[in-house]
Trainee: 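Mind looking over this structure? Questions follow.
Below, chains carry the letters A, B, ... as their sequence lines are ordered, and counting in each starts from 1.
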Number of protein chains: 2
Amino acid sequence: MVCCGLATTPVTPEDAERLAPMFKALGDPVRLRMTSMIASVPELCVCEITPAFDLSSATISHHLKTLREAGIVDSERRGTYVYYWIQPDAIAALAALLRVE
Amino acid sequence: MVCCGLATTPVTPEDAERLAPMFKALGDPVRLRMTSMIASVPELCVCEITPAFDLSSATISHHLKTLREAGIVDSERRGTYVYYWIQPDAIAALAALLRVE
DNA sequence: TGCCTATCTTGACAGATATCGAAACAGTGC
DNA sequence: GCACTGTTTCGATATCTGTCAAGATAGGCA
């Protein structure tokens with residue numbers, strides 16, 4: 001009973017070290033929602049993310065940094081605001097592991 | 001630019017609370033490899049999992065419990081040995097979020 | 001230019017969780 | 001009883017989550 005990429009492509013220790021941090025980044029309710037928000041538009045200003053959560057802007061920034069360091073999102077400051085966007089390749093790499101085949 | 005289920009199906013706070021623990025369970029290199037091992041066969045004895053890692057059997061058992069509580073795997077003792085198998089529905093739920101559409 | 005405000009990030013810290021192993025425990029079979 | 005497999009408990013250490021305060025960057029205006 002082969003259920004997914006996890007089964008057909010055995011995860012080597014090296015792959016695991018590279019991929020687990022990406023799952024880990026999504027393994028927090030706040031970061032999962034942030035990722036969903038960012039993924040649903042071309043790019044999203046931090047100023048639109050912050051009010052969606054009952055958290056300080058410092059905490060929001062820490063979570064965004066976690067997602068950035070995991071390669072899930074990238075960001076750029078343009079003038080006053082900072083914009084985040086999704087990194088589709090990262091999502092695709094995780095999807096490939098889980099995809100039912 | 002819609003990249004995945006994360007974008008088309010906005011993750012509600014309730015969904016996030018339910019799904020994030022599953023990503024979190026996969027967010028450790030040891031557990032990701034364990035999951036891959038278990039997913040690639042119908043079921044797998046703990047006695048075959050333990051020697052694949054340089055960890056005590058207590059630690060292996062802790063990780064397996066984490067995966068079980070996240071709903072990623074299930075287990076049953078039959079005689080001397082304990083067998084684990086994947087829960088395809090759990091993997092499918094995560095895959096649905098990440099799938100490129 | 002200098003000063004002020006606004007946005008976001010970073011550093012430092014406390015409290016909560018996670019990871020790991022040693023030892024004790026619980027099943028099973030002989 | 002004994003041996004074997006795996007789990008649970010307990011404790012030590014490490015990592016994570018959140019806030020406050022300070023820093024960095026940009027824009028507006030005198």
Trainee: How many Å lie between CD on B:Glu69 and C1' on D:dT7, as a whole number?
Mentor: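 Spelled out: CD on B:Glu69 to C1' on D:dT7 is 12 Å.
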Trainee: Could you tell me how far apart A:Leu44 (CG) and C:dC8 (P) are, to the nearest whole angstrom?
Mentor: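 The answer, rounded to whole Å, is 10 Å.
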Trainee: Nearest heavy-atom pair of A:Leu19 and A:Ala93: which atoms, and what distance?
Mentor: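 Scanning both residues, the minimum pair turns out to be CD2-CB, 4.5 Å.
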Trainee: Where is the tightest heavy-atom contact between A:Leu98 and B:Ala95, given as atom of each residue plus distance?
Mentor: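 In terms of heavy atoms, the two residues are closest at O-CB, 3.6 Å.
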Trainee: Within this structure, what is the CZ-to-P distance between A:Phe53 and C:dC8, rounded to whole angstrom?
Mentor: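 In whole Å, C:dC8 P and A:Phe53 CZ are 14 Å from each other.
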Trainee: Distance check, rounded to the nearest 0.5 Å: B:Leu94 atom CG versus B:Leu26 atom CG?
Mentor: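 Reported value, rounded in 0.5 Å steps: 6.5 Å.
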Trainee: If I take atom NZ in residue A:Lys65 and atom P in nucleotide C:dT9, what distance separates them, rounded to the nearest angstrom?
Mentor: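 In whole Å, C:dT9 P lies 10 Å from A:Lys65 NZ.
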Trainee: Going only through I, L, V, M, F, W and Y residues with side-chain contacts under 4.5 Å, is there a path from A:Leu55 to A:Ile49?
Mentor: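 Linked, A:Leu55 and A:Ile49 end up in one cluster.
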Trainee: In whole Å, I'd like the distance from the CG atom of A:Leu64 to the P atom of C:dT10.
Mentor: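 The answer, rounded to whole Å, is 11 Å.
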Trainee: Without decimals, in angstroms, what is the distance between A:Leu67 CG and C:dT9 C1'?
Mentor: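 A:Leu67 atom CG is separated from C:dT9 atom C1' by 15 Å.
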Trainee: Looking at every strand, decide which applies to A:Tyr84 at a 4.0 Å heavy-atom threshold: base, sugar-phosphate, or nothing.
Mentor: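 It contacts sugar-phosphate atoms only.
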Trainee: Would you mind building the protein contact string for nucleotides 22-30 of chain D? One character per nucleotide, 5' to 3', B for base within reach (heavy atoms under 4.0 Å), S for sugar-phosphate only, - for untouched.
Mentor: ---BSS---
Trainee: Between A:Pro29 and B:Ala16, what is the shortest heavy-atom contact and its length?
Mentor: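 Minimum heavy-atom separation between A:Pro29 and B:Ala16: O-CB, 3.6 Å.
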Trainee: Regarding B:Arg68 and B:Tyr84, is there a side-chain donor-to-acceptor distance under 3.5 Å anywhere?
Mentor: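 The answer is yes; a qualifying pair exists.
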Trainee: Just how far, in rounded Å, is P of C:dT9 from CG of A:Asp74?
Mentor: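 Value for this atom pair: 12 Å.
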Trainee: Is the shortest side-chain N to carboxylate O distance from A:Glu43 to A:Arg78 below 4.0 Å?
Mentor: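 A:Arg78 and A:Glu43: salt-bridged.
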Trainee: Specify the closest pair of heavy atoms between B:Val73 and B:Leu64, including all atoms of both residues, with the distance to one decimal.
Mentor: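 Reported closest heavy-atom pair: CG2-O, 4.3 Å.
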Trainee: Using a cut-off of 4.0 Å between protein heavy atoms and nucleotide atoms, how would you tag nucleotides 14-24 of chain C 5' to 3' with B, S and -?
Mentor: ----SSBBBB-
Trainee: Going by the salt bridge (charged side-chain N to carboxylate O under 4.0 Å, His left out) test, which pairs reach into residues 15-25 of chain A, not counting sequence neighbours?
Mentor: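 Every salt bridge (charged side-chain N to carboxylate O under 4.0 Å, His left out) pair that includes a residue of residues 15-25 of chain A, provided the two are not neighbours, is A:Asp15-A:Arg18.
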Trainee: Nearest whole angstrom, please: distance from the P of D:dC16 to the CZ of B:Phe23.
Mentor: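 Rounded to the whole Å, the gap is 18 Å.
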